[in-house]
Undergrad: 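Below: one structure in structure tokens.
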Amino acid sequence: MRRTVLVIALTLASVLMAPSVLGSGPPAETLRRANAAFQVLDGRGFAGSYVLSTHVVVSAPGEDGPEDSLEVQEVTVRPDGTRETRLVRAVEDGRDVTAERSERHNGQREHAQHDDHTEIDIDLLPLGPNGGRYVFATPRQRDGLLVAAFRPTSKARDDERDDEEMLGRGEVAWDPATGDPAWIEVGPDVAPPFVSKLIIRFEFARAGEILYPRLVHTSTRAGVPLILKVRVDVDIEVSDVRPHPETGSAVM
């Protein structure tokens, strides 16, 4: 599965960008809540547990078949800032490999890193200090939500050429009644070399007072013409979010 791990790393690392609030668009509070939701996963303002499921399918023409892996972990973030993971299930190409991975995974403890969001990179999104690099279109109603498209400013595009940073464009959807973000979908403003399609979709949900990223779906189509084509689909799902009974959570 080395190729799978490498492709995931390249996929998530190659799509970094960051939008914001200029003119019309989502309320600032909606974007603040979205940013806070990701912090649930790295222990800022949150102590408790959740289940993290990662499903990866990698396929390429000419291969024996797609590589299909599923890993389910229970993650506990303690009040002292340490994170412990317990492997619940691991499957590779239909073969249960939980037992052989358990000794390596279970009981791992580490200090939560407050910038990694548990390997979910949110630099792509209209959140945080890079907001001024993006503009939003006028929101439109869709399926009971308000949806606003975003794109880089001209200055951001000039800076991108200087800094070799990737920028994105996409849409943000939110509930006009509650102000909660519903989903954010983003892709590169200019596709990276050898990438024909790259879309990342973030969906949010609530568990009582806590807003969290329920699903992160990444779909990538890449390759070298006439040599290799690769399709990668990654689903990272967060479920069973439970705050620590004594500490609870920061306002989400």
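What you are looking at is a predicted structure, and each value in this text was computed from that prediction instead of being measured.
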Undergrad: Please list, chain by chain and in numerical order, all residues satisfying side chain to side chain contact (heavy atoms under 4.5 Å, CB included) with Ala149, sequence neighbours excluded.
TA: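 Applying side chain to side chain contact (heavy atoms under 4.5 Å, CB included) to Ala149 gives Ala137, Glu171.
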Undergrad: Judged by atom type as modelled, is there a donor-acceptor pair below 3.5 Å linking the side chain of Thr30 to the main-chain atoms of Gly179?
TA: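 A pair under 3.5 Å: yes.
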Undergrad: If the condition is side chain to side chain donor-acceptor pair (under 3.5 Å), which residues does Asp96 pass it with, not counting sequence neighbours?
TA: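 If we apply the side chain to side chain donor-acceptor pair (under 3.5 Å) test to Asp96, skipping adjacent residues, the hits are Thr98.
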Undergrad: Do you know which two heavy atoms are closest between Tyr134 and Pro152, and how far apart they sit?
TA: CD2-N, 3.6 Å
Undergrad: Taking Arg206 for its side chain and Glu209 for its backbone only, find out whether a donor-acceptor pair lies under 3.5 Å.
TA: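 Checking the backbone N and O of Glu209 against the side chain of Arg206, a donor-acceptor pair under 3.5 Å is found.
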Undergrad: Check the pair Glu71 / Arg89 against salt bridge (Lys or Arg N to Asp or Glu O under 4.0 Å), numbers first and verdict last.
TA: CA-CA 6 Å; Glu71 185 168 281; Arg89 186 184 180 206; over 6 Å; no
Undergrad: State, with a plain yes or no, whether a side-chain heavy atom of Thr153 is found less than 4.5 Å away from one of Lys155.
TA: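 The answer is yes, as the side chains (C-beta and beyond) meet within the 4.5 Å cut-off.
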Undergrad: Is the shortest side-chain heavy-atom distance between Val57 and His55 below 4.5 Å?
TA: yes
Undergrad: Would you please test Phe38 and Phe204 for side-chain contact (heavy atoms from CB on, under 4.5 Å) and show each step?
TA: CA-CA 10 Å; Phe38 287 104; Phe204 299 89; 3.8 Å; yes
Undergrad: Who pairs with Arg151 by side chain to side chain donor-acceptor pair (under 3.5 Å), at least two apart in sequence or on another chain?
TA: none
Undergrad: Under the side chain to side chain contact (heavy atoms under 4.5 Å, CB included) test, which residues partner Ala207, sequence neighbours left out?
TA: Tyr212, Val241
Undergrad: Please tabulate, for side-chain N and O atoms in residues 230-238, each donor-acceptor pair with protein atoms closer than 3.5 Å (sequence neighbours left out).
TA:
from   : atom 1 : to     : atom 2 : distance (Å)
Arg231 : NE     : Asp233 : OD2    : 3.1
Asp233 : OD1    : Ser219 : OG     : 3.2
Asp235 : OD1    : His217 : ND1    : 2.7

Undergrad: May I ask you to test the Arg33-Asn35 pair for a side-chain heavy-atom distance under 4.5 Å?
TA: no
Undergrad: Which residues pass the side chain to side chain contact (heavy atoms under 4.5 Å, CB included) test with Asp143, not counting sequence neighbours?
TA: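 Partners of Asp143 under the side chain to side chain contact (heavy atoms under 4.5 Å, CB included) test: none.
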Undergrad: Got a donor-acceptor contact below 3.5 angstrom from the Ser53 side chain to the Val72 backbone?
TA: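 Between the backbone of Val72 and the side chain of Ser53 there is no qualifying donor-acceptor contact (under 3.5 Å).
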Undergrad: Going by the rule side chain to side chain contact (heavy atoms under 4.5 Å, CB included), which residues pair with Arg140 if we only count those two or more places apart in sequence or in a different chain?
TA: none
Undergrad: Connecting only ILVMFWY residues whose side-chain heavy atoms lie within less than 4.5 Å of each other, what is the rest of Leu145's hydrophobic cluster?
TA: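 Grouped by the 4.5 Å side-chain rule, Val147, Trp183 form the rest of the cluster around Leu145.
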Undergrad: By side chain to side chain donor-acceptor pair (under 3.5 Å), which residues pair with Arg214, not counting sequence neighbours?
TA: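 Side chain to side chain donor-acceptor pair (under 3.5 Å) list for Arg214, sorted by chain: Glu203.
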